[in-house]
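In this text the structure is predicted, and so the values were computed from the model without any measurement.
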Number of protein chains: 2
Amino acid sequence: MGRPRTPKLDRDKIGAAALNLVDRDGDFTMPGLAAQLGVQVAAIYHHIPGGRAEVIELIRVRATGQVDGTAFDRLPWDEAFPLWARSFLDAFRAHSTAIRLLATEPVRDPGIVAIYGSVAGGLRRAGFPDDQIFGIITAAESFFLGAALDSVAPDVMVTPGGDTPADLEAVLEAAPTGAERHWQAFEIGVRVFVDGLRRLLDATLALQH
Amino acid sequence: MGRPRTPKLDRDKIGAAALNLVDRDGDFTMPGLAAQLGVQVAAIYHHIPGGRAEVIELIRVRATGQVDGTAFDRLPWDEAFPLWARSFLDAFRAHSTAIRLLATEPVRDPGIVAIYGSVAGGLRRAGFPDDQIFGIITAAESFFLGAALDSVAPDVMVTPGGDTPADLEAVLEAAPTGAERHWQAFEIGVRVFVDGLRRLLDATLALQH
DNA sequence: ACCTGAACACCGTTCAAGT
DNA sequence: ACCTGAACACCGTTCAAGT
């Protein structure tokens, strides 16, 4: 008891243990985290003054740190964009049980934002206007985040009841089911986004000519 | 005490009271909800066997019930789409303090899904293929939901530190700040989405010619 | 500085008892 | 069927005490 000769805890260990718990259980508690670390709850507060909310932030930084935008360094923007999108989705799906915990706050950590240098660079070189690029990145991330949430959603139940509009019923029947439904929506979204961006780029370049 | 002559509670009253609490405080507790209703906590469980999770579902249905896709009934799809997007964002922003509570589960309630008959009808008449329309709706909603989360996010802090990539720094400096930043991202997203959908529609119609 | 041990106020849920 | 009153196990956070 008392102060140990070498500290038993640091922010890194706490973050790693928390992510482990969350991957296993989909959630975590402070007592559970303390037990996992072989420590009393109060000890955690010494390193993470923000308490549970700050632990969640640690988890978020760890999970989103796997998002990779470096494809923009070596590929044309319209080829890099789908890879970026995919890495974002994969990063969240790798911790799918934790998505509900992570997604409630958008990715705004300065350290994480810095990772997007490649994305910003790729879009600049392509010719997108500087004052719109961060908006484009934000809009894209909004879609990615929503898609991540959709990816853990239960499949839509098509109520065969008579109160469903005919158009909706036809559309639901023609749509794929299960996991395929989610993938289709994601791929449509990425494609639509890239095509829409291409048009925005063309309009910008036409103005400059 | 004992069974009252007329029931004091029903699902509707519980949902309304819960939404009120959440609008005021950004969250709610079962004891707090019971107090608001002038009732003991256990009484709530008699009407909502699913407990707190089901109360949240009631709130979600109420909030998302304000999403309006009927613009597709009277306008061309590319004019209706932005109005639909806006109504979705408004519905969530009207309960902005509750977004974190609501957004963790996507809108998949059968009753809510039925509202999208207008959207499905508009996209069908425009010529989008039946088997892709639900994917389009899902992708669009993913973006709307992400944008709603972004709309309550704190403004991005531009760290003047030297470790920020130059491209990112330039882009962050050129971007609008505060609320304007969010609106720009939302509008770019909607525009990009509509333009991308137009391209998808053109490709579809060209195949059919 | 870093941890233990114990405490506090609070939470969600359940259950017997009443009409 | 519908509510009360009380209980249970648990949670996040704090604080004095120890080294």
Side-chain angles (χ1 to χ4, degrees), chain A residues 1-62 97-98 100-105, chain B residues 1-62 97-98 100-105:
Chain A
M1 8 204 135
R3 180 182 180 189
R5 301 160 73 266
T6 65
K8 307 170 76 171
L9 251 45
D10 58 60
R11 294 176 65 86
D12 220 57
K13 279 179 193 158
I14 296 172
L19 183 53
N20 270 346
L21 282 181
V22 145
D23 280 343
R24 202 188 62 193
D25 306 330
D27 205 349
F28 80 100
T29 66
M30 296 300 278
L33 179 57
Q36 180 83 2
L37 290 162
V39 114
Q40 292 288 77
V41 223
I44 299 174
Y45 283 82
H46 190 265
H47 297 267
I48 281 79
R52 188 181 146 86
E54 194 173 348
V55 174
I56 294 178
E57 186 60 30
L58 288 183
I59 300 174
R60 193 176 357 254
V61 169
R62 279 188 167 260
T97 56
R100 286 174 183 75
L101 205 59
L102 303 183
T104 36
E105 301 276 346
Chain B
M1 8 201 134
R3 178 182 183 188
R5 302 158 73 263
T6 66
K8 306 170 76 172
L9 251 44
D10 58 61
R11 294 176 64 85
D12 221 57
K13 279 180 194 158
I14 295 172
L19 183 53
N20 270 345
L21 281 181
V22 144
D23 279 343
R24 203 189 60 192
D25 306 329
D27 205 351
F28 78 101
T29 67
M30 297 298 279
L33 180 57
Q36 180 83 0
L37 290 161
V39 116
Q40 293 288 73
V41 222
I44 298 175
Y45 283 82
H46 190 264
H47 298 266
I48 279 82
R52 186 182 146 87
E54 194 172 348
V55 174
I56 294 178
E57 186 60 31
L58 288 184
I59 300 174
R60 192 173 0 252
V61 169
R62 278 186 169 261
T97 57
R100 286 176 181 76
L101 205 60
L102 304 181
T104 36
E105 301 275 346

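Residues B:Asp12 and B:Arg62 are paired through a salt bridge, judged by an N-O separation under 4.0 Å between the basic side chain and the carboxylate.
Proximity of B:Arg60 to B:Ile56: side-chain heavy atoms (C-beta onward) are separated by under 4.5 Å at one or more points. You'll find the side chain of B:Gln36 stays beyond 4.5 Å of the side chain of B:Lys13, heavy atoms only.
Put simply, NE2 on B:His47 and CD on B:Glu54 are 12.0 Å apart, with the number rounded to the nearest 0.5 Å. A distance of 10.5 Å separates CZ in A:Phe28 from CG in A:Leu19, rounded to the nearest 0.5 Å. From B:Ile14, atom CD1 reaches atom CG of B:Leu37 across 6.5 Å, with rounding to the nearest 0.5 Å. Note that CZ of B:Arg11 and CG of B:Leu9 are 11.5 Å apart. Values are rounded to the nearest 0.5 Å.
The shortest distance between the side-chain N/O atoms of A:Arg52 and the OP1/OP2 oxygens of D:dG12 is below 4.0 Å. For the OP1/OP2 pair of C:dA1 and a distance below 4.0 Å, the side-chain nitrogens and oxygens of A:His47 include no atom meeting the criterion.
For the segment residues 15-38 of chain A, no residue has any heavy atom less than 4.0 angstrom from an atom of DNA chain C.
With a 6.0 Å cutoff to the six-membered ring centre and a 45° limit on the axis angle, A:Arg52 does not count as a cation-pi contact of A:Tyr45.
Atom CD1 of B:Ile44 is separated from atom P of C:dG12 by 10 Å (rounded to the nearest Å). In this structure, A:Ile48 atom CD1 and D:dG12 atom P are separated by 14 Å, rounded to whole Å. Rounded to an integer number of Å, the gap from B:His46 NE2 to C:dG18 C1' is 13 Å. For A:Tyr45 and C:dG5, the OH to P distance is 18 Å, given to the nearest whole Å. In this entry the distance linking CD of A:Glu54 with P of D:dT13 reads 11 Å, nearest Å. Distance B:Leu9 CG to D:dT4 P: 9 Å, rounded to the nearest Å. For the pair B:Asp10 CG and D:dA1 P, the interatomic distance rounds to 17 Å; values are reported in whole Å.
Across all strands shown, B:Val39 has heavy atoms under 4.0 Å from sugar-phosphate atoms exclusively, and none from any base.
Taking the side chain of B:Gln40 as heavy atoms from C-beta on, and the options D:dG5, C:dC2, D:dC3, the nearest nucleotide is D:dG5. Listed nucleotides C:dC15, C:dC3, D:dC15 differ in distance to A:Ala42; the shortest reach to its side chain belongs to D:dC15.
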- [ ] Could you walk me through whether B:Asp25 and B:Thr97 pass side chain to side chain contact (heavy atoms under 4.5 Å, CB included), step by step?
- [x] CA-CA 7 Å; B:Asp25 306 329; B:Thr97 57; over 6 Å; no

TODO: Any chance you could encode DNA chain D as dot-bracket? Rule is Watson-Crick or G-U wobble with both distances under 3.5 Å; [ ] for pairs crossing earlier ones, | for another strand.
DONE: ||.|||||...|||||.||

